[in-house]
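What you are looking at is a predicted structure, and each value in this text was computed from that prediction instead of being measured.
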Amino acid sequence: MKRTLLILVLCFCIAPNVFSAEESVLSIRPVNPSAPLVPGETTVLTVELVISPPYHINSDRPLQDYLIPTTMELQPQAGFRIGKAVFPPAPSKKLPFSDEPMSVYEGTVKIQVSLTPDTGVNGIVNLKGKLRYQACNNQYCLRPVSQDFLVPLSVGSGSGVQPSAGKSTPEIGKPPVAMQKQADSAGDFGHRGLLVTFLLVFLGGLALNLTPCVYPMIPITITYFGGQAQGKKGSLIAHSFLYVIGMAVTYSILGVVAAMTGGLFGSAHQYPPVLIGIALVMGILALSMFDVYEFRMPQFVNRLAGSSQKGFVGTFLMGLTVGIVAAPCIGPFVLGLLTYVGNKGNAVLGLALFFVLAIGMGVPFIVLGFFSGSIQRLPRSGAWMIWVRKIFGFILLAMALYFLKPLFPAQAVYHFTLSILMLVAGIYLAWIASVPGGGTIFSRLRSVVGIVFIGSAVYFALSGFGFGPEKAQTSGGEGVQWLPYSETVLNQAQQESKPVFIDFYADWCAPCKELDKQTYSTPEVVALSKQFVMLKVDLTSSEDPLAENLRKKYQARGVPTLVFLTPDGKEIANLRGTGFESKDVFLKKMTLALQASSGRQGNI
């Protein structure tokens with residue numbers, strides 16, 4: 001009897017720790033003001049998040065689009081004006097499983113919210129808040145959590161016990177729930193790597209020189225520099241560099257401002273109305289590139305940009321204001337890039353992208369500054385520059401689809417829609433758009449551009465059918481042949497005497513992405529996987545009853561969880577893995593699983 005009682009006591013002691021493990025990762029501590037709030041005056045409330053080691057949570061603006069951002073909001077309260085939550089800057093950290101740095105919070109994080117009680121509010125008020133976050137350690141990720149908390153505040157000379165400064169209020173825990181799916185793989189433009197992204201922006205800057213607002217200015221500007229230099233080659237080159245530096249300063253500031261102001265929207269970018277609004281802006285800007293309307297800057301701004309000084313200072317000021325003069329042609333594309341940078345909310349990325357854009361636009365000025373005699377070899381301005389603007393129109397439409405990607409019912413539909421847009425662009429630019437007096441060389445150039453767009457259409461169409469590089473890692477001919485979990489598949493594995501491997505993953509799991517990219521895609525793993533039945537279980541959403549039952553059955557606390565089974569369905573316990581595993585480690589486990597399944601046990 002005593003032994004039974006002891007076992008029951010141990011169960012009751014251990015069980016709560018098991019079930020509350022995910023909730024104990026983070027605690028919320030609202031730091032109440034030291035004095036009562038004054039009606040009509042604004043007070044800043046600080047909410048501290050204390051993250052238990054070794055865990056971290058994603059920042060409010062993760063660097064990877066598939067990750068779930070941390071968000072916090074206070075519910076509207078009658079008699080209160082509540083501001084947006086302001087998160088501190090998050091450091092970029094290189095984690096063991098990822099080649100790319102990640103923006104994460106660790107330890108204690110202080111979030112601030114401005115509060116302004118209306119006149120007449122008095123007494124104790126309980127504000128309700130909600131925090132959404134996803135926690136990971138260096139091996140695996142827990143499911144996204146939505147957690148409520150209370151903030152008791154004293155306003156005016158209200159009665160009751162005033163909350164003590166610095167004391168926290170108990171949070172109201174809730175079971176983990178799956179958040180809205182982020183823009184998984186949120187667009188091809190953001191997943192091609194930084195080098196390719198910068199290259200595309202640089203090429204875009206070069207191409208903007210071919211628009212009708214910029215191209216005619218090139219020989220005029222270089223000739224002006226020559227007059228200022230008074231025949232001195234070194235002075236001419238200096239003027240060219242100062243002009244480009246002025247451009248770089250203007251656009252870099254724009255990039256930083258866009259990133260910082262875009263960050264004020266916080267998690268708003270995950271809501272459909274916001275995404276639709278951004279896409280509409282892109283579409284409206286694209287219409288100006290197709291001459292549906294003319295994009296103009298206010299007259300007083302143009303007059304300000306037109307006022308110039310002589311000498312090196314004047315050249316620098318011309319560079320600062322060239323974007324205003326050329327706004328009718330380059331403005332829509334620049335605004336589109338500003339929207340993209342604002343959505344990312346990364347000031348360093350914004351500065352770098354717009355600096356590279358300015359360098360791309362400035363290269364012709366620097367080259368012609370070195371070889372001023374080459375100005376006479378430039379092609380004449382003409383209708384072909386209107387045609388160039390239309391290329392940017394299609395680029396803006398593609399960016400609109402990029403922002404709408406999370407709203408498509410399936411990734412295949414997104415790729416097919418993008419494929420149709422590229423196909424229409426290729427046919428229109430190569431054979432339909434009227435360009436009088438283009439000449440033979442331009443006719444060939446049109447055909448090349450058309451072929452590039454049509455080639456892009458084919459690429460996106462193949463991606464929609466599952467033949468793209470992203471799919472090659474997880475399914476299809478050359479990759480691992482993944483199957484969804486089912487009892488039928490397990491019975492088939494038993495009949496064929498094949499061991500089973502189960503990968504518990506989620507779309508918001510960074511180590512899972514690295515497993516797909518670095519381990520599962522390697523030829524050695526692909527070859528050996530043919531001796532297994534390879535299964536994937538998607539834990540992205542907790543609303544899938546089958547996935548939830550499997551998570552509980554195999555006790556998959558986080559993702560990725562890697563489980564090996566013998567052909568008769570019994571787990572090989574010593575081979576279980578949680579977190580990213582390199583190719584060599586995973587191959588060794590696969591070999592041991594084959595040995596265990598054939599009756600030859602091995603040790604890791």
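- Counting only heavy atoms from C-beta outward, the side chains of Tyr105 and Asp60 approach each other to under 4.5 Å.
- Judged by distance alone, the side chain of Ser252 and the main-chain N or O of Val249 form no donor-acceptor pair under 3.5 Å.
- Between the CG atom in Leu401 and the CE atom in Met422 there is a gap of 8.0 Å [rounded to 0.5 Å].
- Other residues, nucleotides and ligands contribute at most 12 non-hydrogen atoms within 6.0 Å of the CZ atom of Phe355.
- A cation-pi geometry, defined here as NZ or CZ lying under 6.0 Å from the six-membered ring centre and within 45° of its normal, does not hold between Lys390 and Tyr428.
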>> Evaluate Val559 against Trp508 for side chain to side chain contact (heavy atoms under 4.5 Å, CB included), listing each step before the verdict.
In response: CA-CA 10 Å; Val559 287; Trp508 35 255; 3.5 Å; yes
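- How far SG of Cys512 is from OH of Tyr520: 8.0 Å, rounded to the nearest 0.5 Å.
- Aromatic ring centroids of Phe394 and Phe290 lie under 6.0 Å apart.
- Ring pair Tyr140/Tyr55 is perpendicular by interplanar angle, where above 60° counts as perpendicular and below 30° as parallel.
- A distance-only check finds no donor-acceptor pair linking the side chain of Ser240 to the backbone of Ile366 [under 3.5 Å].
- To the nearest 0.5 Å, atom CD of residue Gln134 and atom OG1 of residue Thr70 are 8.5 Å apart.
- Rounding to the nearest 0.5 angstrom, the gap separating the CD1 atom in Ile391 from the CZ atom in Arg446 is 10.0 Å.
- Leu208 contributes atom CG, which lies 6.0 Å from atom CG of Leu357 (distance to the nearest 0.5 angstrom).
- One distance of note links CH2 of Trp431 with OG of Ser443; it measures 10.5 Å at 0.5 Å rounding.
- Contact record, Leu396 with Met282: O-CB, 3.8 Å, taken as the closest heavy-atom pair.
- In this structure, cysteines Cys141 and Cys136 have SG atoms closer than 2.5 angstrom.
- The shortest non-hydrogen separation linking Gly579 to Leu515 is O-CD1, 4.2 Å.
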